[in-house]
Participant: 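Right, I'll just put the structure down here and ask away after.
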Amino acid sequence: MSPQPQAAVGAPLSRVDGRLKVTGQAKYAADQEPEGPEGVVHAVVVDSSVGRGRITGIDTRAAEAQPGVLKVIHHRNAPKLPYRPNPGSLNLPGERLRVFQDDQVRFHGQPVAVVVAATLETAQHAASLVSIDYDSERPATDLSEAPAAGEPRTYARGDAEAALRSAPVRLEMTYRPARNHHNAMELHATVARWDGDRLTLWDKTQWVRSPRDELAANFGIPAENIRVISPFVGGAFGNAARAWPHITIAALAARETGRPVKLVLTRKQLYFGVGYRPSYEYTVRLGSDRRGRLTAMTHDLRAETSRYETFAERGVIAPGQMLYITPNVSQTHRTVPLDVNTPTPMRGPGYTTAAFAVESAMDELAHELGIDPIELRQRNEPDNDQSNGRPFSTRRLRECYTIGAREFDWSRRNPRPRSTRDGDWLIGTGMATALYDTLRSPGQARVRLDADGTALIESATSDMGPGTYTSMTQVAADALGLAVRNVTVRLGDTTMPEAPIHGGSQTMASVGTIVQDGCDKLRRQAVELAVQDSRSPLYGVDAEGVVVRGGRMHVRDNPARGETYRQLLTRNDRAHLESMGSWTPGQSRSSMYAYGAVFAEVGVDARLGLVRVRRMLGVFDVGRIISPKLADSQALGAMVGGIGTALLEHTVTDHRDGRIVNANLADYLVPVNADVPDLKAIYVDGRDDEADPIGVKGLGEVVLVGVAPAIANAVFHATGRRVRELPITAESLL
Ligand code: MOS
């Protein structure tokens with residue numbers, strides 16, 4: 001078929017659901033009020049107040065005496081649940097937390113009971129009256145003190161030790177990025193309703209399939225009996241990909257009380273009720289020649305995990321294997337089980353941690369050798385993926401460096417640290433490279449074209465905030481030849497065709513391709529119908545030469561000859577046409593990553609140690625940009641998030657009892673407007689046709705990966721002080 005004109009794709013469209021969101025009409029999980037004769041009741045979780053031990057007594061009498069309390073559920077009265085194996089999307093070794101199934105306390109804040117009451121206030125008050133006795137011991141929560149367990153994951157090529165011994169230049173550094181919590185604005189919430197043995201959940205989730213499969217396994221019921229609905233997600237960053245324990249608690253509470261139950265975790269409960277980006281100790285040793293060509297790198301990692309599950313993210317080791325030409329590499333990745341809840345992927349999982357270490361180390365090498373940091377990276381830029389010998393599908397890092405250096409005025413930089421002042425402020429600039437692998441997964445989407453010339457697209461994917469409703473509308477509008485306003489996209493329901501997890505930056509590539517396929521099929525159907533219809537002006541025309549614009553099919557080179565979808569369907573008495581889009585990505589022989597170069601300028605108050613980011617630029621190689629406004633929303637938003645990672649965010653645990661002491665948004669610091677300077681993102685031209693038919697590589701995560709090291713490198717340049725621990729605080733600079 002003729003290629004369709006591109007009108008919506010590439011246009012800076014505003015969010016199609018923006019009005020719904022800003023007027024409060026978009027219903028998030030906690031907004032749901034399922035209909036029923038008796039209405040929804042409220043569940044409040046009681047958290048363990050010790051960090052490790054055993055429950056020796058529970059007194060629920062005072063709680064149960066409150067008017068309006070329906071039930072208090074805990075391990076002594078909860079039914080034994082089947083908890084069948086469910087590998088889930090993460091498939092972690094170990095055993096997931098089973099709610100109310102035994103008396104063991106595995107971490108501070110573990111759910112130990114739930115109170116269900118007619119009102120939220122009653123449930124909250126009654127929860128405070130549940131009295132629990134523990135036999136407790138001191139938990140181990142300090143990564144720096146606890147031993148690793150199990151065999152490390154290892155990787156080696158060449159002989160890194162020998163190469164280090166003979167290297168003219170050797171460096172060794174240990175980096176310590178802090179534990180970070182996702183802290184999306186929307187709290188985690190679930191509404192559960194049983195109708196006989198069928199369960200409906202309204203849930204905050206990045207993958208409606210995830211709570212469905214988890215609850216099917218936990219309750220031992222068929223997945224088909226469970227419907228999960230999640231039309232809107234108020235941010236997630238990875239934390240709504242897994243079905244956390246409270247989801248099972250909500251379903252259990254609904255089953256035990258026979259009422260629909262709403263359970264909303266508090267902000268505080270997010271710090272132990274759901275996952276987080278784990279803290280790491282990341283030791284880098286590198287060897288190079290005098291001209292900065294790397295000869296060896298070793299990466300020795302220790303990461304925190306829980307005692308009941310081993311969370312070891314793959315992305316943390318990939319950059320060390322393939323980002324730079326390095327003949328000799330050795331890696332060990334150890335996990336350290338602690339008395340904590342299990343970590344989980346957070347935006348740019350692994351890559352963000354690795355980039356802080358590797359990109360700081362490269363900056364240290366550049367300084368050691370007196371080579372410009374960009375020039376050092378250019379000298380180590382590989383022609384193929386050295387971890388597997390594969391060619392890169394596309395890798396435009398050299399352009400990212402060149403464009404970034406020009407746009408950021410890098411050539412005017414005095415390379416000497418602590419060489420530039422602006423009043424009390426020491427000024428510095430730094431840069432870092434970013435990468436994130438390009439994932440794609442199979443799935444399906446339903447497309448329906450109605451006789452009135454409007455279309456409906458349905459897919460079970462989520463939109464946690466990147467703007468999937470909008471970008472899918474753009475793809476569909478062009479492939480169908482419709483105006484954007486005539487396309488409606490519906491997402492987030494297990495009754496819709498299955499889609500991959502809305503994570504790993506794969507939704508645009510995967511679901512975008514799937515939607516395009518469905519719309520191409522539908523357009524073809526309509527055109528075939530027209531060219532075979534003797535009453536159509538297109539009768540007898542070669543279908544290959546027909547395009548559709550504004551809902552009107554016409555001969556490509558003769559726009560006068562054609563008719564609208566509406567005319568065709570009405571005349572043929574067709575209420576609608578339907579198609580099913582699908583795509584299964586093939587095995588690729590290429591190494592596929594999205595890339596970027598991030599530049600930051602900071603000012604550091606010479607006397608107070610305060611760090612202010614003054615400007616930031618990201619240049620990204622992410623393939624084709626479908627939606628420029630959404631791309632900027634992702635890229636600039638990630639720079640804001642990266643300011644948090646670099647300078648503010650740090651989950652602090654009291655190691656005496658395992659309590660998280662800053663479990664709120666007053667003490668867990670995130671960037672606010674006053675922390676955010678002028679930000680700019682540039683996307684290098686070009687599509688990646690190996691990645692997927694629509695040429696995108698995914699951008700939601702790569703845009704975060706380089707931000708923290710760029711800022712850390714700028715702080716070094718400003719002050720001459722190398723801080724290897726995140727966040728970089730005033731204290732660390734005094
Ligand atoms: Mo992302 S950490 O895959 O939501």
Side-chain angles (χ1 to χ4, degrees), residues 87-92 177 179-186 188 203-211 230 232-244 270 274-280 303 305 311-319 341-356 434-441 443 460-468 471 491-492 499-512 592-594 596 622 630 633-635 637-638 640-642 644-645 649 651 696-708:
S89 58
L90 294 178
N91 197 12
L92 304 183
R179 185 197 282 198
N180 282 184
H181 273 83
H182 307 64
N183 267 311
M185 285 310 296
E186 185 199 12
H188 286 248
D203 189 37
K204 171 188 175 122
T205 181
Q206 288 167 244
W207 202 24
V208 285
R209 194 183 143 165
S210 164
S230 183
F232 293 101
V233 179
F237 310 109
N239 216 348
R242 191 174 180 191
W244 299 106
L270 299 190
V274 295
Y276 51 87
R277 190 197 299 285
S279 60
Y280 275 85
T305 186
F311 177 76
E313 45 200 351
R314 197 196 75 81
V316 78
I317 57 169
N341 62 313
T342 306
T344 209
M346 178 166 157
R347 199 175 194 180
Y351 290 88
T352 299
T353 299
F356 172 57
L435 76 165
Y436 191 78
D437 56 342
T438 293
L439 303 175
R440 305 104 75 241
S441 300
T461 189
S462 300
D463 180 357
M464 71 169 128
T468 304
S471 55
L491 306 174
I501 186 168
H502 181 61
S505 298
Q506 64 176 325
T507 303
M508 193 68 247
S510 310
V511 185
M592 286 188 290
Y593 288 86
V622 292
L630 294 173
S633 162
Q634 287 297 292
V640 175
T645 311
E649 297 190 45
T651 307
V696 307
K697 297 205 280 187
L699 75 81
E701 306 189 76
V702 69
V703 288
L704 176 74
V705 169
V707 179

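Note that the structure is predicted; figures quoted are calculated from it, not measured. We count residues from 1, following the sequence as given. In each ligand, atom 1 is the first atom listed, and ligand 1 is the first ligand listed. Just so you know, these numbers use all the heavy atoms, side chains as well, and skip hydrogens, waters and symmetry mates.
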Participant: Is the shortest heavy-atom distance from the side chain of Tyr280 to the side chain of Val316 under 4.5 Å?
Facilitator: yes
Participant: How long is the straight-line distance from CZ of Arg242 back to CG of Leu92, given to the nearest 0.5 Å?
Facilitator: 5.0 Å
Participant: May I have the N/O to N/O pairs between ligand 1 and the protein that fall below 3.5 Å, each with atom names and distance to one decimal?
Facilitator:
unit_1	atom_1	unit_2	atom_2	d
ligand 1	3 (O)	Gly504	N	2.6
ligand 1	4 (O)	Gln206	NE2	2.8
ligand 1	4 (O)	Gly238	N	3.0

Participant: Do Ser505 and Leu439 come close enough that some side-chain heavy atom pair is under 4.5 Å?
Facilitator: no
Participant: What orientation do Tyr593 and Tyr351 show, parallel under 30°, tilted 30 to 60°, or perpendicular over 60°?
Facilitator: perpendicular
Participant: Strictly distance-based, threshold 3.5 Å: is any side-chain N or O of Gln206 a donor or acceptor partner for the main-chain N or O of Ile501?
Facilitator: no
Participant: Are the side chains of Leu704 and Tyr436 in contact, using a 4.5 Å heavy-atom criterion?
Facilitator: no
